Amino acid sequence: MVSLSKSVLSSICVSLLASSVNALIPIEVVGKRFVKPAPKEGDDGEVFFIKGVDYMPGGASGYSSNSKSDVLSDADACMRDAYLLQKLGANTIRIYSINPDVNHDECMSIFNSAGIYVILDVNSSDQGEYLDRENPASTYNGQYLKNVFKRIEAFKNFPNLLGFFAGNEVINDQGSSVEKAPAYVRAVQRDMKQYIAKHADRTIPVGYSAAEIDDLRAATYEYFQCNIDGDEKDESKSDFYGVNSYSWCSGSSNWGSSGYSKVNSTFQDTSIPVFFSEYGCNKNTPRTFDEVSEGVYSGLIDTLSGGLIYEFSEEANHYGLVELDTDGSATLQDDYDNLQSQYNKTEIPDISESDVEDPTLATCNSTYIQSLYKGFGNFTLPDQPDEVTDMINSGLNSTNVGKLVDFDNSPSNYTITDADGNEISDASISINPTATINEQQTTAVPTEASTTKSASATANAASSSNSSSASSSSKGAAAGNIEINAGGLMFMLGVGISALL
């Protein structure tokens with residue numbers, strides 16, 4: 001007979017009470033693919049393709065570390081945007097900057113219930129919140145990593161958090177950033193994954209978003225996807241890799257002229273998921289997004305894992321799908337309708353997790369990488385500062401740790417108008433109860449020794465393995481974990497509560 005300690009029983013009680021909020025199943029990395037595990041433990045999962053939008057209403061200037069608000073602090077605005085994203089056909093958004101001291105529970109819960117995953121950048125343009133590409137040693141310190149870890153704390157418990165970007169276009173030219181910055185980005189990925197392994201209930205993938213510079217494309221990718229010295233436990237490698245690509249312009253580009261054939265050849269043998277972290281050239285407007293159906297989800301479907309269209313809201317650079325007025329009202333642009341049409345006719349293949357090729361170990365080869373681009377390939381990472389090591393070992397004891405919460409699913413109070421000037425009524429999200437953690441039929445209590453994924457009934461702490469590798473996807477119960485079926489759990493819960501009284 002299995003006996004449960006009071007602390008374990010208490011955690012199960014909390015988990016069950018929290019499970020009134022449906023939660024998405026966290027995405028995992030398996031080889032070159034993202035995988036959405038099956039609702040029922042032990043069943044075959046499915047490959048997940050990103051079909052999304054870059055999301056930063058207000059642009060970079062709309063963020064301030066001194067502000068008490070950010071893009072995920074206004075629940076009414078999030079309800080408005082979740083409706084529009086769901087109507088568009090998106091399943092993922094990328095957010096560039098958030099304030100880790102602000103509460104994001106309602107907004108993340110809204111996006112979760114709308115079936116939308118989030119990829120979050122951990123940097124901003126504010127002082128102390130980024131790596132200086134020209135002099136990374138001057139900014140790689142305790143202050144910077146504390147800001148990074150605070151973002152991990154604020155989002156680690158949201159099951160719809162797909163992953164973190166440790167950097168965005170840090171290497172953005174063919175000058176000194178090539179020689180100086182890469183090793184520091186890998187060091188940040190190392191530090192982030194060590195912190196996650198110690199202080200999160202599941203593995204959360206960490207990756208890099210690269211500028212599309214033809215001469216650097218292959219070298220940058222090869223540098224971030226490999227394991228130093230062939231160490232399969234190398235924590236500094238990217239778990240996934242994003243490319244910001246604007247080479248296909250609607251109406252004037254095709255597979256050949258856009259360079260998509262070169263993208264395909266560069267990444268066709270990838271060992272980690274690769275996707276467009278930004279795409280959607282606006283040279284010709286309105287954009288028709290031919291590259292969606294003719295490129296990303298067609299010729300590149302066997303190579304890439306989808307992509308994120310730049311961008312949701314109309315800003316100074318004129319890439320917006322939606323015009324947001326100062327009063328919060330939203331007007332759909334022609335770009336929105338055109339992208340929706342492309343998403344609707346996109347055929348995403350059904351690929352089972354069991355059909356995904358086993359992960360391959362890519363050993364770093366500095367000679368080969370330097371042959372791709374001279375000066376690239378320094379794998380001597382900076383030592384971890386003592387204060388960073390202390391933070392990793394002890395944690396931040398943050399007071400702002402996010403969780404899923406119940407919310408009012410009433411339509412947003414903001415007015416939404418379509419591209420023809422017609423007001424849209426009843427703009428509430430559709431909550432799909434299927435494929436949620438709550439449907440999984442087993443509950444496992446994770447241990448530090450756990451190395452396989454485990455199902456959880458909790459909405460705010462969807463657990464998988466607590467290992468440092470983001471590619472673990474073993475089926476079945478976690479090693480050393482306690483498994484209880486639903487009926488047995490309820491019986492033991494009643495007994496346990498009586499024992500505690």
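Everything numeric in this text was worked out from a predicted model, so none of it was measured. Basis for what follows: all heavy atoms, side chains included, without hydrogens, waters or symmetry-related copies.
When every heavy atom of S271 is checked against every heavy atom of T360, the shortest pair comes out as CB-OG1, 3.4 Å. In this structure, S209 and N168 approach most closely via the heavy-atom pair OG-OD1, 3.1 Å. L324 approaches P57 most closely through the heavy-atom pair CD1-CB, 3.9 Å. When every heavy atom of G167 is checked against every heavy atom of V170, the shortest pair comes out as CA-CG2, 4.0 Å. The two residues H199 and E153 make their nearest non-hydrogen contact at CB-OE2, 4.1 Å. Nearest heavy atom pair, residue L404 against residue A23, reads CD1-CB, 3.7 Å.
Proximity of a side-chain donor or acceptor of S109 to a complementary backbone N or O of V405 within less than 3.5 Å is detected. N112 places no side-chain N or O within 3.5 Å of a backbone atom of M108 that could act as its donor or acceptor partner. Side-chain atoms of E291 never come within 3.5 Å of backbone atoms of V296 as a donor-acceptor pair (strictly under, hydrogens ignored). Distance alone, capped at 3.5 Å, places no donor-acceptor pair between the D335 side chain and the T288 backbone. No donor-acceptor pair under 3.5 Å is formed between the side chain of E46 and the backbone N or O of K36. No donor-acceptor pair under 3.5 Å is formed between the side chain of S305 and the backbone N or O of R33. Here the side chain of D239 pairs no donor or acceptor atom with the backbone of V29 at under 3.5 angstrom. Side-chain atoms of D126 never come within 3.5 Å of backbone atoms of E129 as a donor-acceptor pair (strictly under, hydrogens ignored). Between the side chain of D44 and the main chain of S354, a donor-acceptor pair closer than 3.5 Å is present. Side chain of D54 to backbone of E311: no donor-acceptor contact under 3.5 angstrom is found.
The distance between the ring centers of Y117 and F48 falls below 6.0 angstrom. In this structure, F276 has its ring center closer than 6.0 angstrom to the ring center of Y260.
Side chain to side chain, N244 and E169 meet the donor-acceptor criterion of an N or O pair below 3.5 Å. There is a side-chain donor-acceptor pair under 3.5 Å between E212 and S245. Using a 3.5 Å distance cut-off with no hydrogens or angles, the side chains of S428 and N409 do not pair a donor with an acceptor. Side chain to side chain, H104 and N99 fail the donor-acceptor criterion of an N or O pair below 3.5 Å. At a cut-off of 3.5 Å, with distance as the only test, a side-chain donor of N123 or Y144 sits close to an acceptor on the other residue. Donor-acceptor pairing under 3.5 Å is recorded for the side chains of Y246 and E278. Side-chain atoms of N282 and Y319 include a donor-acceptor pair closer than 3.5 Å. In this model, no donor atom of one side chain and acceptor atom of the other lie less than 3.5 Å apart for Y336 and E323.
Residues meeting the side chain to side chain contact (heavy atoms under 4.5 Å, CB included) test with T417, sequence neighbours left out: T331, T415. Qualifying side chain to side chain contact (heavy atoms under 4.5 Å, CB included) partners for S69, counting only residues two or more places apart in sequence or in other chains: S67, S73. The side chain to side chain contact (heavy atoms under 4.5 Å, CB included) check on K150 picks up P100, D101, K146, N147, L396, with sequence neighbours excluded. Under the side chain to side chain contact (heavy atoms under 4.5 Å, CB included) criterion, S410 pairs with D408, sequence neighbours left out.
When side chains are defined from C-beta on, V148 does not count as touching D191, because their heavy atoms never get closer than 4.5 Å. For the pair P411/M79, no side-chain contact is recorded, criterion being any heavy-atom separation below 4.5 Å from C-beta on. Counting heavy atoms from C-beta on, the side chains of F34 and V47 never come closer than 4.5 Å. Between V30 and E353 there is a side-chain heavy-atom pair separated by less than 4.5 Å. Between Y221 and V274 the shortest side-chain heavy-atom distance falls below 4.5 Å. Residues Y279 and V243 fail the side-chain proximity criterion, which asks for heavy atoms closer than 4.5 Å.
Using cut-offs of 30° and 60° on the angle between ring planes, the pair Y55 and F111 is perpendicular. Taking the six-membered ring where the residue is Trp, Y241 and F267 present tilted rings, their angle falling between 30° and 60°.
Annotation: the span from I110 atom CD1 to N160 atom CG amounts to 11.5 Å, rounded to 0.5 Å. Rounding to the nearest 0.5 Å gives a distance of 11.0 Å between CE of M192 and CD1 of I392. Going from atom CE of M391 over to atom NZ of K198 covers 14.5 Å, rounded to the nearest 0.5 Å. Separation of atoms OG (S277) and CD1 (I50) is listed at 9.0 Å; rounding is to 0.5 Å. Note that OG1 of T303 is 5.5 Å distant from NZ of K32, once rounded to the nearest 0.5 Å. Atom CZ in R80 sits 6.5 Å away from atom OH in Y414 (nearest 0.5 Å).
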With side-chain contact (heavy atoms from CB on, under 4.5 Å) as the test, would you mind laying out the steps for I119 and I95 before giving the verdict? CA-CA 6 Å; I119 303 175; I95 300 175; over 6 Å; no

side-chain contact (heavy atoms from CB on, under 4.5 Å) between I116 and T92, intermediate numbers included: CA-CA 5 Å; I116 296 171; T92 308; 5.7 Å; no

Could you go through the side-chain contact (heavy atoms from CB on, under 4.5 Å) check for S329 and I416 one step at a time? CA-CA 6 Å; S329 60; I416 301 175; over 6 Å; no

Report the C-alpha distance between N338 and R287 in whole Å, list the side-chain angles of each, state the deciding distance to 0.1 Å, and finish with yes or no for side-chain contact (heavy atoms from CB on, under 4.5 Å). CA-CA 7 Å; N338 292 341; R287 294 179 288 178; 5.8 Å; no

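L332 pairs in a side-chain contact (heavy atoms from CB on, under 4.5 Å) with only one of the listed residues (I424, L321, L88), which is I424. Applying ring pair (Phe, Tyr, Trp, His ring centres under 6.0 Å) to F240 and the options F165, Y208, F164, F224 leaves one that passes, F165. Considering Q194, Q189, R190 as possible partners of E235, the one that fulfils the side chain to side chain donor-acceptor pair (under 3.5 Å) test is Q194.
A salt bridge between D234 and R186 is present, with a side-chain N of the basic residue lying under 4.0 Å from a carboxylate O of the acidic one. Ion pairing of D121 with R151 is absent here, as no side-chain N (NZ or NE/NH1/NH2) approaches a carboxylate O to less than 4.0 Å.
Applying the disulfide bond (SG atoms under 2.5 Å apart) definition to pairs two or more places apart or across chains, those involving residues 71-105 are C78-C107.
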Residues 345-352, side-chain donor-acceptor partners within the protein, below 3.5 Å, at least two apart:
unit_1: T346; atom_1: OG1; unit_2: Q342; atom_2: O; d: 2.7

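Relative to the ring axis of Y343, K51 places its NZ or CZ within 45° and under 6.0 Å from the centre.
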